Every structure is written in structure tokens, then in C-alpha cells.
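Read through the structure below, which is laid out as C-alpha cells, and then see the notes.
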Amino acid sequence: MGEPHSGVACDLTSVGFKALNSAVQEVTGVAAPYSLTGSLPLIADLKQQGFDVQMIGFGKMCVYHGHDEYTNLSDMANGTMILSRMIELVDAAC
């Protein structure tokens, strides 16, 4: 066994999470946050240093990390709108 890795739990009360959740709702019409298990030590380090860490992906969950992983251009367009709106919301909150 190797050294243990830090897990990551996003703060569901943070400005970043609220902005991301709102942006997803505005762009797609539905926001349903969920969590996957995994080890992301660099992200955990950023969180421990006080950064408001949020993680999101815009691909197809049914092929996530598969040999034939893909996404649709429309998903990437929505992702761009979501991230743009999230920045606006965080900026307005600060």
C-alpha cells in the first residue's frame, strides 16, 4: 500500500458552489449535484490552502473514462455558458 491520498468534499455553502449550481440551472434548466469517488490530491491541497474548489465536467457520464469517451459539441457550448455565468455570479457576490 502507498501513502493515503486526501479526498475532496466541495463546500455546498460556498459562493463558488452556489454560483455553479445557479449557472447550471439557468443554462440547462436543471441542476442535480452529485459526487463521484476518487482521489485528487492536488485539488485537496488547493482546498486546504483556502481556495473555493468546485469541479465539473461536461462529457457523457455513460462513457466517462471509457475507451470510446466522447461528448457533444452542444454539451461543450453549454459548459462554456455555464462557466461564463458562474464567473459573473461569483464576481457579483464578491
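Source: prediction; values computed, not measured. Start at 1 with the first residue, then count along the sequence.
Looking only at distances, no side-chain donor or acceptor of T71 sits under 3.5 Å from a matching main-chain atom of M76. Put simply, the side chain of E69 gets close to the backbone of H65: a donor and an acceptor are under 3.5 Å apart. S84 places no side-chain N or O within donor-acceptor distance of the main-chain N or O of T80, the cut-off being under 3.5 Å.
Taken together through direct or relayed side-chain contacts under 4.5 Å among Ile, Leu, Val, Met, Phe, Trp and Tyr, Y34 and L20 form parts of separate hydrophobic clusters. Grouping the Ile, Leu, Val, Met, Phe, Trp and Tyr side chains by contacts below 4.5 angstrom, directly or via other members, places I82 apart from F17. Cluster membership check: V15 does not share its hydrophobic cluster with V53, using side-chain heavy-atom separations under 4.5 Å among Ile, Leu, Val, Met, Phe, Trp and Tyr. Under the 4.5 Å side-chain heavy-atom criterion for ILVMFWY residues, a single connected hydrophobic cluster contains both F51 and M55.
For the pair D11 and Q54, the tightest heavy-atom approach, listed with the atom from each and the gap, is O-NE2, 4.0 Å. When all heavy atoms of A23 and L89 are compared, the closest pair comes out as N-CD1, 4.1 Å. Across all non-hydrogen atoms, the minimal contact from G16 to D52 is N-OD2, 2.6 Å. Between T13 and K18 the shortest heavy-atom distance is O-CE, 3.4 Å.
Going from atom NZ of K47 over to atom CG of L42 covers 15.0 Å, rounded to the nearest 0.5 Å.
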Take V24 and I56, measure what side-chain contact (heavy atoms from CB on, under 4.5 Å) needs, and give me the verdict at the end.
-> CA-CA 10 Å; V24 170; I56 190 166; 3.9 Å; yes
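The environment of CG in L12 is crowded: more than 12 heavy-atom neighbours from other residues, nucleotides or ligands sit within 6.0 Å.
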